[in-house]
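To start, the structure itself, in structure tokens.
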Amino acid sequence: MKVAVFSTKTYDRQFLEAANFPIQHELVFFEPRLNRDTAILAAGFPCVCAFVHDQVDASTLEILAAGGTRLIALRCAGFNNVDLATAAKLGITVVRVPAYSPYGVAEHAVGLILSLNRKIHRAYNRVRESNFSLNGLLGFNLYERTVGIIGTGKIGLILGQIMKGFGCNLLAYDLYKNPDLEALGGKYVELPELFANSDIISLHCPLMPETHHLINSEAIAQMKPGMMIINTSRGALIDTQAVIEGLKSGQIGYLGVDVYEQESELFFEDLSGEIIQDDIFQRLTTFPNVLITGHQAFFTEEALRNIADTTFANIADIEQGRSCANEIRYQPEKALVG
Ligand code: NAD
């Protein structure tokens, strides 16, 4: 099949070409993001391969449909950037890669926890400046601390397993209990109890209307003073302005995020030397107890291999008329956003 691959970075090309070698789809790589202005590039391509920051909105989909596109193969799990209602109306099938790096994301969350707690990001810079003072680097033992996990699916469970290894107590909140998390000793509680008793809160639920700004000023007020928030899920789970207020007052002691509400303007691009216009993001970067990474939690060799293999398996299913387990069906009553 002819596949137009958008938002291509060199690493995407490397892993997609390797996975495509035995299959021989006709891949054409485009560096720009997919949106209404660039969709015309896909004219004549029955399949478009898109990523998290591509804007697969109604107008983009209409241009794609007019150009003959019948399949959107997302090479990511979240699909909050796709207008599924319009895709269904235009007869465009949408498939995704639901799980490609649960270990990678959970391990990255642990990396943020350890770095923030033991101030490794600050120590790294100090030692390079020949400053060996320990002032300001005091951490705490993870042993017997309480970790609150919101969303105990694939990634949340693995985080629970790792933190259990450190000797942490686990609290959990999810719409559905995961028996594997309970088997670890994790205790499901309502959000107020999780907020009040967790030393570390880590977010692993999807972004949906009901989880938008789950961490807001009311939630922060219920938390233990000086606690740590980790978000490797989706930026808009957090009300960034409320978190900034919490950091300024000391109510939040540490913040580690791999995702940010307005990240599509920033992440995955080298903007060094440019003036960043996002004042909220810039304020976040000024706190010594905030660690931000640019949506890299998934970024492991295993994940890029899985993404490529699953994407081509999805395309093969649709091309050969088989049902595809990774097809995202439009469910108006759920109005899922990712
Ligand atoms: P998953 O589907 O296995 O688990 C999500 C869990 O969230 C499920 O148990 C579900 O029941 C729960 N949930 C749904 N609605 C909820 C609600 N209102 N409140 C609490 N829990 C709720 O997904 P996963 O593979 O564990 O991924 C979790 C999230 O991680 C994804 O939604 C995605 O946004 C994010 N992610 C980030 C990266 C990254 O690189 N930073 C990579 C992959 C995934």
Side-chain angles (χ1 to χ4, degrees), residues 7 9 11-12 51-53 74-82 96-113 148-163 170-182 184 186 188-195 198 201-216 219 229-238 256-261 263-264 266-268 291-307 310-311 325-326 328 331 334-338:
S7 296
K9 302 288 184 199
Y11 45 83
D12 295 312
F51 197 48
V52 282
H53 293 152
L74 295 173
R75 53 182 196 279
C76 53
F79 47 90
N80 46 300
N81 54 337
V82 182
R96 66 174 179 142
V97 183
Y100 42 86
S101 186
Y103 285 95
V105 178
E107 288 167 13
H108 191 79
V110 176
L112 292 175
I113 293 170
I149 305 173
I150 301 182
T152 54
K154 291 177 285 296
I155 298 170
L157 172 65
I158 295 167
L159 181 84
Q161 290 167 338
I162 299 172
M163 298 317 290
L170 304 179
L171 292 179
Y173 175 78
D174 198 306
L175 304 182
Y176 307 97
K177 290 183 180 175
N178 184 337
D180 291 340
L181 198 276
E182 288 184 304
L184 282 175
Y188 281 90
V189 292
E190 291 302 315
L191 280 177
E193 193 176 337
L194 184 145
F195 290 150
S198 299
I201 293 176
S202 197
L203 305 178
H204 300 287
C205 59
L207 175 63
M208 308 168 83
E210 56 271 32
T211 57
H212 183 261
H213 286 186
L214 183 80
I215 303 300
N216 54 24
I229 298 176
I230 300 294
N231 186 10
T232 56
S233 197
R234 283 290 180 269
L237 295 177
I238 284 183
V257 294
D258 185 52
V259 286
Y260 168 64
E261 231 173 324
E263 69 176 47
S264 63
L266 304 168
F267 288 2
F268 302 145
L291 188 48
I292 307 173
T293 52
H295 209 136
Q296 69 171 81
F298 76 98
F299 197 57
T300 63
E301 289 174 17
E302 291 83 354
L304 292 192
R305 225 173 281 127
N306 282 343
I307 287 172
T310 309
T311 296
N326 297 328
I328 313 166
Q331 296 173 288
K334 280 199 171 171
L336 278 177
V337 293

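First listed ligand is number 1; within each ligand, the first listed atom is number 1. The structure displayed is predicted, hence computed values, not measured ones.
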Counting heavy atoms only, name the option from Cys76, Pro206, Gly78 that's nearest to atom 14 (C) of ligand 1.
Pro206
Over 60° means perpendicular and under 30° means parallel, so classify the ring planes of Phe298 and Tyr100, tilted if in between.
perpendicular
Considering only heavy atoms of Gly151, which atoms of ligand 1 have at least one such atom less than 4.0 Å away?
7 (O), 21 (N)
Check each heavy atom of Lys154 against ligand 1 and say whether those closer than 4.0 Å belong to the side chain, the backbone, both or neither.
both
Distance-only polar pair, side chains of Tyr103 and Thr300, donor-acceptor under 3.5 Å:
no
If you measure every N/O of Asp174 against every N/O of ligand 1, is any gap under 3.5 Å?
yes
Give yes if a backbone or side-chain nitrogen or oxygen of Gln296 is under 3.5 Å from a nitrogen or oxygen of ligand 1, and no if not.
no
For Leu157 and Leu181, which heavy atoms make the closest approach, and how far apart are they?
CD1-N, 3.6 Å
Taking only heavy atoms of Tyr100 into account, list the atoms of ligand 1 that are under 4.0 Å away from them.
42 (C), 43 (C)
Could you tell me whether Met208 approaches ligand 1 through its side chain, its backbone, both or neither, with non-hydrogen atoms closer than 4.0 Å?
side chain
Check whether any side-chain heavy atom of Val52 lies under 4.5 Å from a side-chain heavy atom of Arg234, and answer yes or no.
yes
Nearest 0.5 Å please: distance from the SG atom of Cys205 over to the CG atom of Leu237.
5.0 Å
Is there any N or O on Phe298 that sits under 3.5 Å from an N or O of ligand 1?
yes
Judged by heavy atoms only, the candidate from Thr232, Ile155, Leu181 nearest atom 44 (C) of ligand 1 is Ile155
More than 12 heavy atoms of other residues, nucleotides or ligands under 6.0 Å from CD of Glu301: yes or no?
no
Contact region, Ser233 to ligand 1, non-hydrogen atoms below 4.0 Å, reads both
Tell me which one of Leu157, Val97, Leu175 gets a heavy atom nearest to atom 15 (N) of ligand 1.
Leu175
Is there a polar contact between ligand 1 and Asp258, counting only N or O atoms under 3.5 Å apart?
yes
Specify whether Phe267 and Tyr260 have parallel, tilted or perpendicular ring planes, treating 30° as the upper limit for parallel and 60° as the lower limit for perpendicular.
tilted
Sub-4.0 Å atoms of ligand 1 with respect to non-hydrogen atoms of Tyr173
19 (N), 20 (C)
Which ligand 1 atoms are under 4.0 Å away from a heavy-atom of His295?
39 (C), 40 (O), 41 (N)
Test of understanding: given a 4.0 Å heavy-atom threshold, classify the contact between Thr152 and ligand 1 as side chain, backbone, both, or neither.
backbone
